[in-house]
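So you know, we letter chains A, B, ... as the sequences are listed, proteins then strands, and number each from 1.
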Protein chains: 2
Amino acid sequence: MTIAENPVRNGVDTATLFATIDAVKGDPDIAKFRFRATNTWMSGTHNRSTIHGFHGAKQEMNHREPFTLDADHPPVLVGTDNGPTPVEYVLHALATCLMAGMANIAAARGIKLNSVNVAIEGDIDLRGILGISDKVRNGYENIRVTFDVDADAPPEKIRDLVAQSRDRSAVFDVVTRGVPVTITTKGA
Amino acid sequence: MTIAENPVRNGVDTATLFATIDAVKGDPDIAKFRFRATNTWMSGTHNRSTIHGFHGAKQEMNHREPFTLDADHPPVLVGTDNGPTPVEYVLHALATCLMAGMANIAAARGIKLNSVNVAIEGDIDLRGILGISDKVRNGYENIRVTFDVDADAPPEKIRDLVAQSRDRSAVFDVVTRGVPVTITTKGA
């Protein structure tokens, strides 16, 4: 077995990956995760999130450090450009989820990746969020992702990798199918 | 008019905000934006996005600097914790979009914000992405957002602000309603 002989591939510890899948099969509660972020308004469209703790594998855990992320609008959208826009973070979230899947799935299949790059773009008509037209949605009309993969595998295997990354992507599922979101306000 | 007397409120230049809306009403093509990101695989589930250029207001533009964002999985998910997970970036994107809306809408309505904090969390059963159960979706089952607002306004006005931020949020629309995503692979 190639996998047993060479357990770390593409930087993925495949032995631990398979052990994790086996552990979840034995106890589905291990798979129940709750992720969190907090966000604080700074000024105008500039605000800052902190991501640190999460629940998973039946325990509270922390990332090794609190991650801080700034977001803002650029001047053309009446902001001060202190960070990417919220909608650019959506593109990033989708690209990074597909990319993590590529690395894991290639490793599991014994395919060595040499380089992988993704370009992603989305079209949005801001008449929606500006309240100018009720016929225009607020969000992206469409999103396009282009993979550029150099791997020790023929084109059809690379296509299969990309397809499986899509089929096992949490963010692809969220972005294409939607999720129920509840918003509440403390004391109001 | 309060707005004319005090055009900058909550750090929002309301005069420019209203001028932007008027400009778009006069020429809808100004509102057509295309946002972009590129992502490069580093090792394992660690990868890095760059966000710099975008198209909008009928021209190519750049943020004042290229923004670089790392993503990874934590050790419990067989990663090396070099950044937030892709699904945490989704929470961040949603929180920051709602927050930017709050600031703009409060400014437009003449409401002074003293502080705004958002807590956001999402539940996900990883049996989906691990390929263990076809009955479990890959993405979040649900997302909850809690606003904590201190503003110079009565509770019902604050509730209205939060509701309008939701109703004009690009990322809320994407996350709750979904977007068509096309994935292609160069040369494969």
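Under the 4.5 Å side-chain criterion, counting only non-hydrogen atoms from C-beta, Thr45(A) is not in contact with Val12(B). At least one side-chain heavy atom of Val76(B) sits less than 4.5 Å from a side-chain heavy atom of Phe33(A).
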**OP:** Would you sort out whether Val162(B) and Ile183(A) count as a side-chain contact (heavy atoms from CB on, under 4.5 Å), showing the intermediate values?
**Re:** CA-CA 8 Å; Val162(B) 172; Ile183(A) 302 179; 3.6 Å; yes
Stepwise, does the side-chain contact (heavy atoms from CB on, under 4.5 Å) test hold for Phe67(A) with Glu88(B)? CA-CA 10 Å; Phe67(A) 298 117; Glu88(B) 288 169 320; 5.6 Å; no
Could you walk me through whether Ile158(B) and Thr185(A) pass side-chain contact (heavy atoms from CB on, under 4.5 Å), step by step?
CA-CA 8 Å; Ile158(B) 291 175; Thr185(A) 307; 4.0 Å; yes
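Not counting sequence neighbours, Phe147(A) has no partner by the ring pair (Phe, Tyr, Trp, His ring centres under 6.0 Å) test.
Chain B forms more heavy-atom pairs under 4.5 Å with one residue of Arg144(A), Arg127(A), Lys32(A), Arg64(A) than with any other, namely Arg64(A). Put simply, of Ser165(B), Ala19(B), Gly44(B), the one with the most heavy-atom pairs under 4.5 Å next to chain A is Gly44(B). Here Pro180(A) is the residue among Pro28(A), Ala71(A), Gly56(A), Pro180(A) with the most heavy-atom pairs under 4.5 Å with chain B. Taking Arg36(B), Lys157(B), Arg48(B) one by one and counting their heavy-atom pairs under 4.5 Å with chain A, the maximum is reached by Arg36(B). With chain A as partner, the option from Ile124(B), Asn142(B), Asp148(B) having the largest number of non-hydrogen pairs under 4.5 angstrom is Ile124(B). Between chain B and the residues Glu65(A), Lys186(A), Arg168(A), the largest count of heavy-atom pairs under 4.5 Å involves Arg168(A). Of the listed residues Gly178(A), Gly11(A), Gly187(A), Pro74(A), the one with more heavy-atom pairs under 4.5 angstrom with chain B than any other is Gly178(A). For the set Asp72(A), Thr20(A), Leu77(A), the entry with the most heavy-atom pairs within less than 4.5 Å of chain B is Leu77(A). Most heavy-atom pairs under 4.5 Å with chain A, from the set Ser133(B), Ala31(B), Pro155(B): that is Ala31(B). Among Ala93(B), Ala37(B), Ser43(B), the residue making the largest number of heavy-atom pairs under 4.5 Å with chain A is Ala37(B). Among the candidates Ala103(A), Ala100(A), Ala163(A), Ala119(A), the residue making the largest number of heavy-atom pairs closer than 4.5 Å to chain B is Ala100(A). Contact tally against chain A (heavy-atom pairs below 4.5 Å) for Val136(B), Asp13(B), Ile132(B), Thr184(B): the top residue is Thr184(B).
Nearest heavy-atom pair, Ser115(B) versus Trp41(A), reported as atom, atom and distance to 0.1 Å: CA-CE3, 4.4 Å. Heavy atoms only, all atoms of each residue included: Leu69(B) and Pro84(A) are closest at CD1-CG, 4.4 Å. Nearest heavy atoms, Val24(B) versus Leu130(A): CG2-CD1, 3.9 Å. Shortest non-hydrogen contact noted between Met99(A) and Thr40(B) is CE-C, 4.0 Å. Nearest heavy atoms, Arg159(B) versus Ala188(A): NH1-C, 3.2 Å.
Taking CG of Asp125(A) as the start and CD1 of Ile30(B) as the end, the distance is 11.5 Å to the nearest 0.5 Å. The distance from the OG1 atom of Thr38(B) to the CG atom of Asn117(A) is 7.5 Å, given to the nearest 0.5 Å. Considering CG of Asn47(A) and SG of Cys97(B), their distance stands at 9.5 Å, rounded to 0.5 Å.
Val116(B) touches chain A through backbone and side chain together, each having a heavy atom under 4.5 Å away. The contact between Asn114(B) and chain A is made entirely by backbone atoms, counting heavy-atom distances below 4.5 Å. Contact of Glu156(B) with chain A is not made at all, since no heavy-atom distance falls under 4.5 Å. Within the 4.5 angstrom heavy-atom criterion, only side-chain atoms of Ile51(B), from C-beta onward, approach chain A. For Met61(B), the part sitting under 4.5 Å from any heavy atom of chain A is the side chain, from C-beta outward, and nothing else. Heavy atoms closer than 4.5 Å to chain A are found nowhere in His52(B), neither backbone nor side chain. Of the two parts of Ile21(B), the backbone and the side chain both hold a non-hydrogen atom closer than 4.5 Å to a non-hydrogen atom of chain A. Only the side chain of Ala57(B) has a heavy atom closer than 4.5 Å to any heavy atom of chain A. If you measure heavy-atom distances from Ser169(B) to chain A, the contacts under 4.5 Å come from the backbone alone. Residue contact with chain A, scored on non-hydrogen atoms closer than 4.5 Å, involves the side chain of Asn104(B) exclusively. Of the atoms belonging to Thr80(B), it is backbone heavy atoms, and not side-chain ones, that fall under 4.5 Å from chain A.
Dense packing is recorded around CG of Asp27(B), with more than 12 heavy atoms of other residues, nucleotides or ligands lying under 6.0 Å away. Within 6.0 Å of CG on Asp29(A) lie more than 12 heavy atoms contributed by other residues, nucleotides or ligands.
Tyr89(A) and His92(B) have perpendicular rings, their planes meeting at more than 60° on a 0 to 90° scale where under 30° would count as parallel.
For the side-chain contact (heavy atoms from CB on, under 4.5 Å) with Val181(A), the qualifying choice from Leu98(B), Val171(B), Val145(B) is Val145(B), the only one to do so. For the side-chain contact (heavy atoms from CB on, under 4.5 Å) with Pro86(A), the lone residue among Val174(B), Thr96(B), Leu94(B) that qualifies is Thr96(B). The side chain to side chain donor-acceptor pair (under 3.5 Å) test with His63(A) is passed by exactly one of Asn82(B), Asp81(B), Thr85(B): Asp81(B).
Criterion: ILVMFWY side-chain heavy atoms under 4.5 Å apart, direct or through other members. Under it, Met42(B) and Met102(A) are not part of a common hydrophobic cluster.
Under the 4.0 Å criterion applied to side-chain N and carboxylate O atoms, Arg137(A) and Asp173(B) are assigned as salt-bridge partners. A salt bridge links Asp123(A) with Arg34(B): the distance from a Lys NZ or Arg NE/NH1/NH2 to an Asp or Glu carboxylate oxygen falls below 4.0 Å.
Side-chain atoms of Asn138(A) come within 3.5 Å of backbone atoms of Asp167(B) as a donor-acceptor pair (strictly under, hydrogens ignored).
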